[in-house]
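Report on one structure; see the data block that follows.
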Protein chains: 2
Amino acid sequence: MKAKKTGRPREFDKNEALSAAMHVFWKQGYDGASMRDLTAAMNISGPSLYGVFGDKRQLFMEAIDFYANRKACKPLEVFETEPNIETAVQKFFFEVIEYSTESVSGAKGCFLSSCVATAAGELEGVEELLKRAILDTDERLARRFELEKARGVLPDNFPSKIRARLMFDLRQGLVFRARAGIEPKFLLADIESNVRIILG
Amino acid sequence: MKAKKTGRPREFDKNEALSAAMHVFWKQGYDGASMRDLTAAMNISGPSLYGVFGDKRQLFMEAIDFYANRKACKPLEVFETEPNIETAVQKFFFEVIEYSTESVSGAKGCFLSSCVATAAGELEGVEELLKRAILDTDERLARRFELEKARGVLPDNFPSKIRARLMFDLRQGLVFRARAGIEPKFLLADIESNVRIILG
DNA sequence: TTTGTTTTATATCAATTGATACAAAATGTT
DNA sequence: AACATTTTGTATCAATTGATATAAAACAAA
């Protein structure tokens with residue numbers, strides 16, 4: 001698959017560098033993240049960055065793709081693997097709160113909503129990537145609901161697509177509040193009512 | 001109230017300038033909006049801007065205050081004045097979709113979520129302003145529900161606060177989707193189900 | 001008119017921005 | 001060994017950034 005290349009071998013892992021870059025963007029925004037901030041966090045030199053990623057915009061686009069397609073967002077993963085649907089919805093929200101409030105990397109909220117959404121206003125091509133990420137997520141969520149309908153757990157008239165969008169939008173509210181510094185305990189308090197709204 | 005001042009009179013309206021600045025921030029983000037972008041849109045010179053607002057950060061903070069406290073956000077206004085509660089909720093979402101998708105100023109989405117939320121990650125004092133704006137909105141929404149309970153329109157056990165947060169979070173989902181370029185017709189399609197979820 | 005005060009306009013500052021030129025270093029190929 | 005290719009590190013570029021110095025302009029008070 002990966003052709004052995006000639007020339008001096010790269011001394012860093014591309015995905016690790018991408019992840020580091022994503023967290024800088026996540027915390028500081030696209031314009032707020034300088035190339036020096038980025039190279040420092042990625043632990044590579046300027047020319048190395050440009051050599052691999054092209055320029056700042058392309059690095060950003062790859063970071064979005066990394067987040068949306070490669071990283072395997074944990075809330076979604078949990079939602080798809082937890083056997084019981086009610087628990088799955090619970091855990092989904094729990095994981096959302098977990099990752100949007102942990103300030104280990106200093107980046108609160110959600111990469112898509114706190115960073116990519118802002119950049120969508122001025123950076124060519126970003127809006128389309130964001131739109132695709134949203135619609136894909138809607139569909140992944142709906143797919144699980146459909147599965148539960150087929151298994152007879154959810155009623156036949158369960159509106160999977162509407163509830164999937166609802167679930168995603170509620171997530172949006174959570175990460176927004178997290179970004180604003182509202183404490184996790186307040187966010188956790190609404191999980192149960194959210195679950196009832198989505199499944200009920 | 002406003003003492004007559006000596007010296008050369010100001011040649012521009014502060015609120016108009018603030019509104020213009022807000023729309024630039026809205027579209028381009030805090031870091032993406034240069035002082036030159038701002039002065040051009042506000043139609044004032046650099047030194048005038050600094051003379052009145054101090055610096056870029058203070059201008060931004062005033063823009064947030066302008067949006068949250070002075071501007072009288074139209075969706076909220078409509079929600080509070082429409083007599084019928086069901087229609088009020090409908091119109092609230094309709095207005096949200098209206099202002100977040102109209103690209104007259106080129107700024108889609110919501111100022112708070114597409115711009116302020118990003119800046120909250122790095123600009124001192126912004127997170128607190130954002131938090132206050134969210135909690136205040138929660139309360140304004142809940143107040144209307146409480147009013148309807150007192151009037152006997154909503155049942156006594158109606159969970160006003162929870163539904164207020166739910167309503168605000170659904171709004172968050174809408175403006176996020178709007179920012180991503182999802183067409184208004186798709187957003188409008190979910191209004192009815194949103195209304196039923198909030199009041200039902 | 002004179003004085004004091006505030007705003008305006010021009011011009012420009014030092015610092016930071018995204019991005020490169022260049023040569024040395026490290027590999028595969030011949 | 002000699003060559004081609006790719007990456008790395010240093011040093012630096014022109015352009016843009018947020019912010020000012022300066023003096024003329026426009027007002028009120030004396």
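For clarity, every value in this text was computed on a predicted model and none was experimentally measured. Order of the sequence lines sets the chain letters (A, B, ...), proteins ahead of strands, with each chain counted from 1. As a basis for the values below, the full set of heavy atoms in this structure was taken, side chains included, without hydrogen atoms, waters or symmetry mates.
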Query raised in the report: D:dC27, D:dT20, C:dT7: which one has an atom nearest the side-chain heavy atoms of B:Tyr50?
Result: D:dT20

Query raised in the report: Side chain of A:Thr6: nearest nucleotide among D:dT8, D:dT5, C:dA9?
Result: D:dT5

**Report entry** Per A:Ser34 side chain, nearest of listed nucleotides D:dT8, C:dT8, C:dG18
**Finding:** C:dG18

Report task. Specify the separation, in whole Å, of atom CE of B:Met42 and atom P of C:dT8. Result -> 11 Å

Query raised in the report: Among the nucleotides C:dG18, D:dC27, D:dT20, which one has an atom lying closest to any side-chain atom of A:Lys56?
Result: C:dG18

Query raised in the report: Expressed in angstrom and rounded to an integer, what is the separation of A:Leu59 atom CG from C:dA19 atom C1'?
Result: 13 Å

Query raised in the report: What nucleotide among C:dT5, D:dC13, C:dT12 has an atom nearest to a side-chain atom of A:Arg36?
Result: D:dC13

Query raised in the report: Which of parallel (below 30°), tilted (30 to 60°) and perpendicular (above 60°) describes B:Phe176 and A:Phe168?
Result: tilted

Query raised in the report: Do B:Glu122 and A:Lys27 meet the salt-bridge criterion of a basic N to acidic O distance under 4.0 Å?
Result: no

Query raised in the report: Is the shortest side-chain N to carboxylate O distance from B:Glu62 to B:Lys14 below 4.0 Å?
Result: yes

Report summary line: Side-chain atoms of B:Met35 come closest, of D:dC27, D:dT8, D:dG18, to D:dG18

Requested in this report: Side chain of A:Arg8 only, please: which of C:dA24, D:dA21, C:dT7 is the nearest?
Outcome: C:dA24

Query raised in the report: Is A:Glu148 salt-bridged to A:Arg151, going by a charged N under 4.0 Å from an acidic O?
Result: yes

